[in-house]
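Quick caveat: nothing in here was measured; it's all calculated off a predicted structure. For ligands, and for the atoms within them, numbers begin at 1 and follow the listed sequence.
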Amino acid sequence: MNAKPTEATLADRHVLYQESVQDVEAEIDFVQETFQALRGRDAELLREDFCGTANTACEWIRRGRAHRAIGVDLDADVLQWGIDNNLARLSAEQRGRIELLQQDVLTVKTDAPDMILAMNFSYYLFLGRDELRSYFRNARLSLKDDGILFLDAFGGYEAPMELEEPRECEGFDYIWDQASFNPINNQMTCHIHFEFEDGSRMDKAFSYHWRLWSLPEIREVLYEAGFRQVDIYWEGTDEETEEGNGIYEPSEVGDADPGWICYIVAEK
Ligand SMILES: C[S@@+](CC[C@H](N)C(=O)[O-])C[C@H]1O[C@@H](n2cnc3c(N)ncnc32)[C@H](O)[C@@H]1O
């Protein structure tokens, strides 16, 4: 007799990732409003670097009929999953406004976007300053003359610690595992695991080997790559709960929190 399949064997890791890691609505709210505030016009062409399943690019397409998007990722399988699942949910007209490229963000050449997004810390996988600068240079060259590169970053005094951080999601637990950290080169290996109500587990659904870059380093390298203005958008605090309020504003002073996430806005 066949054993009953576990929840872990039935689950799709990309669905779990999109449900637990990404908040594409909030991300697009932020970049759309910030671009409008800085440039006094609406952005039209968005390029999502390291796009994975192109979930963010699809959200951009849904936000307006004038919107176009290009997604860039090296991994053909992940792009195909995005086509079969995320692009498949767009109308034919919407699908006509999005293009996915299986290319390297270090060398890709595209139509000039108003905005380039590199989110979920994907650029941390560049381990050296030269490689990071090459990526920022290529992004800057690609952008329109008044274009903007949007990045996110994470840090805080728990960021270089070896620890596991579980979080409850709808129907499963998401576990962020900072498995190893080397203080000599700041390189770390992290995994995402998922655990289910039947006790089954999807171990190492995603793994990353990257460098924990600091904000001053990232800012310096962005200026070296030729960006004119680089600002850190720090999250405000809700006075009642003393938790983050989801509102990010330009700031020169942050809080020494155990863990923080912020946006970096680099203007060409
Ligand atoms: C951390 S995932 C990010 C997924 C998505 N952008 C998000 O915000 O959740 C990193 C993605 O970057 C892709 N990638 C890694 N190196 C790349 C490169 N040099 N050029 C293009 N894509 C790359 C991987 O294939 C993977 O899909």
Side-chain angles (χ1 to χ4, degrees), residues 12-32 46-61 69-87 98-110 113 115-142 149-155 159 167 169 174-179 187-194 204-213 218 221 225 248 261-264:
D12 181 325
R13 69 188 183 117
H14 295 299
V15 172
L16 300 170
Y17 179 90
Q18 290 187 171
E19 285 178 8
S20 56
V21 176
Q22 292 189 313
D23 184 348
V24 294
E25 289 87 3
E27 202 165 285
I28 289 295
D29 283 347
F30 175 75
V31 299
Q32 188 165 19
L46 173 148
R47 189 172 97 193
E48 184 186 7
D49 281 355
F50 312 96
C51 69
T53 61
N55 199 17
T56 307
C58 287
E59 177 64 16
W60 178 246
I61 291 295
I70 302 169
V72 183
D73 200 286
L74 272 181
D75 188 335
D77 292 344
V78 179
L79 288 171
Q80 191 58 50
W81 192 98
I83 292 169
D84 296 341
N85 294 273
N86 291 335
L87 273 72
I98 183 168
E99 181 186 10
L100 300 187
L101 302 175
Q102 189 203 344
Q103 285 194 43
D104 190 329
V105 298
L106 286 171
T107 50
V108 69
K109 294 202 171 25
T110 59
M115 315 196 270
I116 296 180
L117 273 59
M119 295 297 186
N120 278 317
F121 331 114
S122 304
Y123 64 96
Y124 280 29
L125 58 84
F126 297 128
L127 302 178
R129 228 179 144 100
D130 290 346
E131 215 185 358
L132 186 63
R133 193 187 308 105
S134 301
Y135 168 58
F136 291 159
R137 275 214 177 108
N138 193 45
R140 184 182 167 280
L141 269 178
S142 303
L149 171 66
F150 289 92
L151 311 162
D152 57 7
F154 82 97
R167 175 160 52 81
C169 298
Y174 158 95
I175 299 158
W176 174 247
D177 177 5
Q178 295 176 182
Q187 289 179 25
M188 63 195 299
T189 298
C190 304
H191 308 289
I192 294 173
H193 317 290
F194 297 109
K204 298 185 181 166
F206 295 91
S207 293
Y208 308 102
H209 183 75
W210 59 24
R211 171 164 164 183
L212 184 61
W213 290 93
I218 298 165
V221 179
Y248 292 82
I261 288 176
C262 68
Y263 288 111
I264 304 172

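Figure legend: cation-pi geometry between Arg13 and Phe206, with NZ or CZ positioned under 6.0 Å from the six-membered ring centre and within 45° of its axis.
Across all non-hydrogen atoms, the minimal contact from Phe121 to Ala153 is CE2-C, 3.6 Å.
Taking the centre of each ring, Phe50 and Tyr123 stay at or above the 6.0 Å mark. Between Phe154 and Tyr124, the ring center distance clears the sub-6.0 Å criterion.
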Are there any protein N or O atoms under 3.5 Å from the N or O atoms of ligand 1? List them with distances, or say none.
residue	atom	partner	partner atom	Å
ligand 1	6 (N)	Phe50	O	2.4
ligand 1	8 (O)	Asn120	ND2	2.9
ligand 1	9 (O)	Tyr17	OH	2.4
ligand 1	9 (O)	Gln22	NE2	2.9
ligand 1	9 (O)	Asn120	ND2	2.8
ligand 1	19 (N)	Asp104	OD1	2.9
ligand 1	20 (N)	Val105	N	3.0
ligand 1	22 (N)	Leu74	N	3.2
ligand 1	25 (O)	Asp73	OD1	2.6
ligand 1	27 (O)	Asp73	OD1	3.3
ligand 1	27 (O)	Asp73	OD2	2.7

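Note: Cys58 SG to Glu48 CD = 8.5 Å, rounded to the nearest 0.5 Å.
A search for ring-ring contact (aromatic ring centres under 6.0 Å, His included) contacts involving Phe194 returns Phe172, not counting sequence neighbours.
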